[in-house]
Amino acid sequence: MPHMQRGCVTLLEIAKFVTLLQVLYELRMAKRTQPKWQPPEKSTGPVLKLFNSLTRQKEEFIPQNGKNILWYSCGPTVYDASHMGHARSYISFDILRRVLSDYFGYDVIYVMNITDIDDKIIKRARQNHLYEKYVSEGHSLKKNLDDAKSVLELFSDTVKKTTDPDKKNMLERLVLRMTGAIEALEVAVKSNDEAKTKEAQEALLREAKDPLSEWLDFEHGASVTDNSIFVKLPRFWEAQFHEDMDALNVLRPCVLTRVSEYIPEIIAYVEKIIANGLAYESNGSVYFDVNKFDAQEGHHYAKLVPEAYGDAKSLQDGEGDLCISEDRLNEKRSPNDFALWKRSKAGEPWWDSPWGHGRPGWHIECSVMASDICGSSLDIHTGGVDLKFPHHDNELAQAEFRHPVSEIELSAAFCYELQASGKSRPQRIPTSFDVPTSDGSLPKANQTIGLPLLRRTHAYFDNDHWVRYFLHSGHLTIAGCKMSKSLKNFVTIKEALTQYTARQLRLAFLLHSWKDTLDYSTNTMEMATQYERLLNEFFLTVKDMTRCSASKTQIDSYQKWGNSELELNKKFIATKNSVHSSLCDNIDTREALDAVRDLVGICNIYIRDKRASTQESNCILLRDIAAYITWLLRVFGAIPTEESIGFPITESRGTTNVSILLYLREEVVMPYLSILAEFRDNIRSQARQLKATDILKECDRLRDDILPNVGVRLEDREGTKSAVKLVDRETLLREKEAKKKAEAEKAAEKERKKAEQAAAQAQKDAQRKIKPTEMFLSETDKYSQFDDKGIPTHDAEGKELSKGQIKKLQKLQQNQEKKYNEYLQSVMVNGVGDSSVPGRSFNTTRCRHPGCNETETLGHVLGFCRKTELLRNNRHHKARTGIADVLKRRGWEVHEEIHCVSSLDSNRRADIVAIHRTQSKGIILYPTIRFERDALQAQHVDEEKKSIYESCIPYLSEKYSLPTSSGVFLVFRLVCVALFLSSHGIF
């Protein structure tokens, strides 16, 4: 019992001890905490910098309101077709806008104006109106000639006064064409040909259109009272401009402003500038006082181009052609002052204003419209480099003047806000542009759908930073000359799009800096097309490789990465970093695309090496790279994006919820094309084994002719399945034509070389036929006397040749004698014309007939050996066929007219007409029993030729081992003798 008690105590103590250990463990675990976490060091990557024309250097881009950007861009003056100079600016700014929005993630409000009131528009509208009226009036021939001569005289004076070399050259060419048209009309009149006269008269009116329109405007411009012409012209060309921009895939502006819709705002703007003492009225016009502005503390005129201050030519260009007359210039206090409001003269459109009938100046338009939409300060203002001075400098001066703020001014947009709330607003001033609506009311101006109306002030900005960043696109030149409408040196956008695609034009701009001069040339566009071709081939290759794995994920979709994949991915990451650095550096798309080109090259090498080692390429990695490049090109606008509204059309499959874009062409047609390609591969494989050439030709026709017409490129690959690629139909057809052209050029080159070789051979053969004693006799310009062997002894001047000269001539004669003897021997041995004519060489080759080991003779060639069947089966017909065969191989053209196969039928015969190509000789062979008699009795065979003919028969019979059977022997005897005589020029 005691023992048991001691045992119980022990167990209790153990239990207490275990409990204590558990408590201690829990206490220890309760004190255990997470280790301290260290964040990675923040890397300082590149920041976005833009080249700011205000500082002429790259500045870090910092928007004024977080990620929001207010951007105003100067739009076109719509009086003519848009040209590639316009495309240079608008595509470049479209690229910048897309990069800032889609790459850097900024929220951009992009505002662009349309200048539809301008001196150029007024002048062009009047000129077109007056020219069309002049042509429609159908003036007499005499008046047309008299007017043309008056125009030419006036225009010639203008050319003499012109100092600009480019403009002078253009005007001189125009005068030259017009002079030629006048002379051509005068000649037509003298010919009394009514049709030619009418044609020449029409040609004169076409050639003289520009100077004639200028002359008509000078004479009658003030009489134009139809204001509708000043509306129709800009509306037409604005529509054409928008059409061109859509064709170039240029994004539409968020807000589009037109000058004609902002007349009330412009008048209010000008009034406030006058009230602040920085503008003055003069003779119905209002001018900005540049000197007074520049004298104020904190203000500087010509911020962008200070060195152009006082440049009279630039200032006059900025004022417009209709406002640079002497009386207009005298209205200014200083030549540096520029017009805010222009008094309208007769023949010009006008609007009511406090200063009388007039219209806005050019520079005030952008200041008013940009301020009305964007407020007191813009983040970005863009335009062509030629707008820096005076246009943009004048904009800055108008908007940045300081003033005492005495009252709250309401913008035009705020006025519309008041109207929407039921409060009153200022009435819009009626203008000469107003066209009543169907209910008789005037249209409302400056209405913008879907945009917020902001409360803001304008034209009273107490700051010196109306524009934070001024970006200017570089010039576009043609062969080094600036593209200009006034110089008639331009290519319209529509003309350019007939030669190149919108993508190729954009790539040309992407491959150059947006702020530098770009030369529009064949070399520039070839670079763009080659770059496009490189990317397109890469995309097609990757799509073909990844087509099976793109639709759904499978077990074998993922592969283990090896060293090549790791290296390729490193290059991929490095390329993305390089692209980012390039775009941060003034949006340098050229460097970015260079990095992409390098990446594509490395991918192509990776694919090539994998194929060479029969290993599979990592399709997922290649697809990621191709997807990144595609995304980047979309950012640049080189690949259009789908701008649809709402959800895409989708379909769900089971629980995987796979979205299938039904409208994607490739996803729909590619499975069928893949089946077709696989079927064709199987057919081609079997056709090759069976040597079925017709089936192979049909397979080639499917690949080369049928599929390209529907935009499918099929590429055959040895040892693997064909690649199927969807390509633009026009591109494939161009490739097809280029391939045909290259093949034709190759064939033409081959024929040219063949002809040269033939000519050289003919010359060589002709040289061989010259007798040694006659080879120098024709060179009378070198030699005057010859010896009995034909060797020259005296030169052309009668001076005796030296022994050394005679020795050289003797050596040349010896060489010629050798060639001539070879020629004679070939004629006698072969018995058929020249040995140079292609054919079988006799006496050196064994007979070709099976079982005959004799040396080949003419008889063997024709089939007359003991092993041939010609002696046993229809020998005369086969003899005739053999004759034709040997004639063909010896350079004769043989034409057969078969009447029968029996040579013994005297009533019917089979004729062989043989014409020698090189000798232009002909013979007719009659394989009948009476051929010899007929030949010898022919009128053209005289007694001497008959004697030669008869003496040749024994020699030829023995020489060529001819058989003695009568019919066949007679045939061959005549053939051999006829050819012998023909080759010697006898028969």
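For the numbers below, each heavy atom of this structure counts, side chains included, while hydrogens, waters and symmetry mates do not. The structure displayed is predicted, hence computed values, not measured ones.
- Rounded to the nearest 0.5 Å, atoms NZ (Lys740) and CD (Glu743) are 9.0 Å apart.
- Between Arg703 and Asp716 there is a salt bridge, since at least one side-chain N of the basic residue sits less than 4.0 Å from a carboxylate O of the acidic one.
- To the nearest 0.5 Å, the span separating OG1 on Thr197 from CD on Glu202 amounts to 11.0 Å.
- Under the side-chain hydrogen bond (donor to acceptor under 3.5 Å, both in side chains) criterion, Ser802 pairs with Gln805, sequence neighbours left out.
- Applying the side-chain hydrogen bond (donor to acceptor under 3.5 Å, both in side chains) test to pairs two or more places apart or on separate chains, those with a residue in residues 521-534 are Arg503-Glu532, Gln504-Glu532, Ser521-Thr524, Glu526-Gln530.
- In this structure a side-chain-to-backbone donor-acceptor pair under 3.5 Å is missing from Thr731 to Val727.
- Applying the side-chain hydrogen bond (donor to acceptor under 3.5 Å, both in side chains) test to residues at least two apart or on different chains, the pairs with a partner in residues 744-758 are Glu749-Arg752, Arg752-Glu756.
- Distance check, rounded to the nearest 0.5 Å: CG of Asp765 to NZ of Lys769 gives 6.5 Å.
- Taking 4.5 Å as the limit, some side-chain heavy atom of Val175 sits within range of a side-chain heavy atom of Ser156.
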Please report the C-alpha distance between Glu737 and Lys741 in whole Å, then the side-chain angles of each, then the deciding distance to 0.1 Å, and finally whether the side chain to side chain contact (heavy atoms under 4.5 Å, CB included) criterion is met.
CA-CA 6 Å; Glu737 290 301 320; Lys741 184 179 179 182; over 6 Å; no
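- A salt bridge does not link Asp700 with Lys697: none of the charged nitrogens is closer than 4.0 Å to a carboxylate oxygen.
- Of all non-hydrogen atoms in Ala148 and Met178, the two that sit nearest each other are O-CE, 3.2 Å.
- Contact detail for Leu185 and Gln201: the closest heavy-atom pair is CD1-N, 3.6 Å.
- For the salt bridge (Lys or Arg N to Asp or Glu O under 4.0 Å) condition, no pair includes a residue of residues 790-813, sequence neighbours left out.
- Two residues are said to be in side-chain contact when any heavy atoms from C-beta on lie closer than 4.5 Å; Thr163 and Lys168 fail this criterion.
- In this structure, CG in Leu497 is found 5.5 Å from CG in Leu505, a value given to the nearest 0.5 Å.
- Within the 4.5 Å cutoff, no side-chain heavy atoms of Lys782 are placed close to those of Phe776.
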Going through the distances and angles, do Glu698 and Asp694 end up as a side chain to side chain contact (heavy atoms under 4.5 Å, CB included)?
CA-CA 6 Å; Glu698 283 300 314; Asp694 290 341; over 6 Å; no
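- Shown here for Ala508 and Ala528, the closest heavy-atom pair between the two residues is N-CB, 3.7 Å.
- Contacts of Glu199 classified as side chain to side chain contact (heavy atoms under 4.5 Å, CB included), with partners at least two apart in sequence or in another chain: none.
- A heavy-atom distance below 4.5 Å is not found between the side chains of Leu777 and Tyr783.
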Show every donor-acceptor pair shorter than 3.5 Å between a side-chain atom in residues 785-792 and any protein atom, with sequence neighbours excluded, or say none if there are none.
residue, atom, partner, partner atom, Å
Gln785, OE1, His794, ND1, 3.4
Asp787, OD1, Lys789, N, 3.0
Asp787, OD1, Gly790, N, 3.0
Asp787, OD1, Ile791, N, 2.7

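- Checked against side-chain hydrogen bond (donor to acceptor under 3.5 Å, both in side chains), Glu537 has the following partners two or more places apart in sequence or in another chain: Arg713.
- Among residue pairs with one or both ends in residues 177-195, those qualifying as salt bridge (Lys or Arg N to Asp or Glu O under 4.0 Å) are Lys149-Glu186, Arg177-Glu207; sequence neighbours excluded.
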Quick one, Thr793 with Leu801, criterion side chain to side chain contact (heavy atoms under 4.5 Å, CB included). Give me CA distance, side-chain angles, the key distance, then yes/no.
CA-CA 5 Å; Thr793 58; Leu801 299 179; 5.8 Å; no
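- For Glu730, the CD atom is densely surrounded, since the number of other residues' heavy atoms within 6.0 Å is greater than 12.
- You'll find the side chain of Arg597 reaches within 4.5 Å of the side chain of Leu511, heavy atoms only.
- Here the side chains of Phe490 and Met84 are not in contact, with every heavy-atom distance at 4.5 Å or above.
- Applying the side chain to side chain contact (heavy atoms under 4.5 Å, CB included) rule to Val187 yields no partners; only residues at least two apart in sequence or on another chain are considered.
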Side chain to side chain contact (heavy atoms under 4.5 Å, CB included) between Glu172 and Thr162, worked out:
CA-CA 10 Å; Glu172 287 174 345; Thr162 303; over 6 Å; no
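- Scored by the side chain to side chain contact (heavy atoms under 4.5 Å, CB included) test, Glu495 finds Val491, Thr492 as partners (sequence neighbours excluded).
- For Lys818, the side chain to side chain contact (heavy atoms under 4.5 Å, CB included) partners at least two apart in sequence or on another chain are Glu822.
- To the nearest 0.5 angstrom, Leu714 atom CG is 11.5 Å from Ile706 atom CD1.
- For Thr773, the side-chain hydrogen bond (donor to acceptor under 3.5 Å, both in side chains) test picks out no residue, with sequence neighbours left out.
- The CG atom of Asp210 lies 7.5 Å from the CZ atom of Phe155; values are rounded to the nearest 0.5 Å.
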